[in-house]
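Below is one structure, written out as structure tokens, with a few remarks after it.
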Amino acid sequence: MSMNVPLLDLEAQYRPLREEILAAITRVCDSQRFIMGPDVESLERELCALIGVTHAIAVSSGTDALLLALMALGIKAGDEVVTTTFSFFATAGAISRVGARPVLVDIDPVTFNIDPAQAAAAITPRTKAIIPVHLFGMGADMDPIMAAANGAGIPVIEDAAQAIGSTYKSRPLGAIGAFGCFSFFPSKNLGAFGDAGLLTTEDAALAARARLLRTHGMKPKYYHHLIGANFRMDALQAAVLRVKAPHLKSWTDGRHANAARYRALFHAAGLDAAVTLPSEPADRSHIFNQFVIRVADRDGLKRHLDEQGIGNEVYYPVPFHLQPCFADLGYRRGAFPHAERAAAESLAIPVYGEMTAAQQQTVVSAVAQFVQGRVPASAQR
Ligand SMILES: *Cc1c(COP(=O)(O)O)cnc(C)c1O
């Protein structure tokens, strides 16, 4: 009777594009040019238009986009960078990788994004940048963040890894700060067939510097002006992304439609009080890379959904300030109560565009079963 629903069904997205993608991969194989080259250059142009940015630099991953942004801004040992404590590890990891200190702040409990007032208050004379994250696909509150950064004379790096195509006050995310960092990890809204990422900027000088650093600061060949690294994107990933990118808008539309249907289904199931659905402030869009709900007994709900064969994931179980690798930063449990609570209550449920209405109903019914205790899953064992 029960229907398995995966958290994400990449096969459903791949099937209609299979021939076109295989032809693109074959074209790269036949050329035997695997590093950079015409597909990477075309992808950069096409993504500028798609996202609405002036400069796009194709890179090896979203993590490397963050690292490259920090390196291009000259951020180094002894510097501080203010960021949220609640994100994927790469956001804070990149700061530490350049030798700087992540200065963590709490989230807004409604949006899951960095609290702008706390970010502003965390700025010191050593602060060299702020990294807001557009978590789950919805923009951080950029106006007060930009005002605080501009007031301190420091740049903002947008971690837009989960937010390609999303907007804040009609402006594309990734085009507001000095840099925007995107990821094409397969589970992102635009996924490659491996690791890939993108760095965006409106500033020609920063773009030139980032391009240089992407290939060991080298120009021309074997003359090195800066100490960069290898942050290049593979031609194979670029070729695959060029086939997929034109479909991003319709895939995102599918996620929107599913999010709207979830709202109707959760409401109809009488779950308004027990389940908090994602917020969507009127001044931003949400691309629903994840549809994250909040419930009091999250771990219980997770066990129940696991038993029912319904995909789900905890994003993220441990905020940065409680991660073992950041123990030397000296934060304590209780330092950021909103993030700690989000880490305990949040659960992502499937929202991918190809989901059917019946699958969504299955998910909502399973949540209702657990929350309303009609079938106490734990009592069955
Ligand atoms: C996915 C992600 C990254 C890292 O991207 P990779 O391509 O996996 O290196 C960085 N920040 C956030 C918020 C992410 O979700």
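Order of listing sets the numbers, starting from 1, for every ligand and every atom in it.
- Listed by atom number, the atoms of ligand 1 under 4.0 Å from Ser87 heavy atoms are 13 (C).
- For ligand 1, the atoms closer than 4.0 angstrom to any heavy atom of Ser61 are 7 (O), 9 (O).
- In terms of protein heavy-atom proximity, atom 11 (N) of ligand 1 is closest to Asp159 OD2, 2.8 Å.
- Of the listed residues (Phe86, Tyr316, Phe182, Phe185), the one carrying the non-hydrogen atom nearest atom 8 (O) of ligand 1 is Phe185.
- If you check the side chains of His134 and Gln162, you find no donor sitting under 3.5 Å from an acceptor.
- Scanning the protein for heavy atoms near atom 9 (O) of ligand 1, the closest one is Thr63 OG1, 2.5 Å.
- A side-chain donor from one of Asn189 and Asn289 sits under 3.5 Å from a side-chain acceptor of the other.
- Proximity to Gln162 (heavy-atom distance under 4.0 Å) selects the following atoms of ligand 1: 13 (C), 14 (C), 15 (O).
- The aromatic rings of Phe136 and Phe112 sit perpendicular, their planes meeting at an angle over 60°, well past the 30° parallel limit.
- In the vicinity of Val133, heavy-atom distances shorter than 4.0 Å reach the ligand 1 atoms 13 (C).
- Residues Ser365 and Gln361 bring a donor and an acceptor atom of their side chains to less than 3.5 Å of each other.
- In summary, the side chains of His338 and Asp106 do not present any donor paired with an acceptor at a separation below 3.5 Å, with no hydrogens or angles considered.
- In the model, Glu340 has a side-chain atom that pairs as donor or acceptor with a side-chain atom of His321 under 3.5 Å.
- Ligand 1 has an N or O atom lying under 3.5 Å from an N or O atom of Ser183, backbone or side chain.
- In the vicinity of Ala90, heavy-atom distances shorter than 4.0 Å reach the ligand 1 atoms 4 (C), 10 (C).
- Looking only at protein heavy atoms, the nearest one to atom 14 (C) of ligand 1 is Lys188 NZ, 3.2 Å.
- Taking 4.0 Å as the cut-off between side-chain N and carboxylate O, Asp39 and Arg27 count as a salt-bridged pair.
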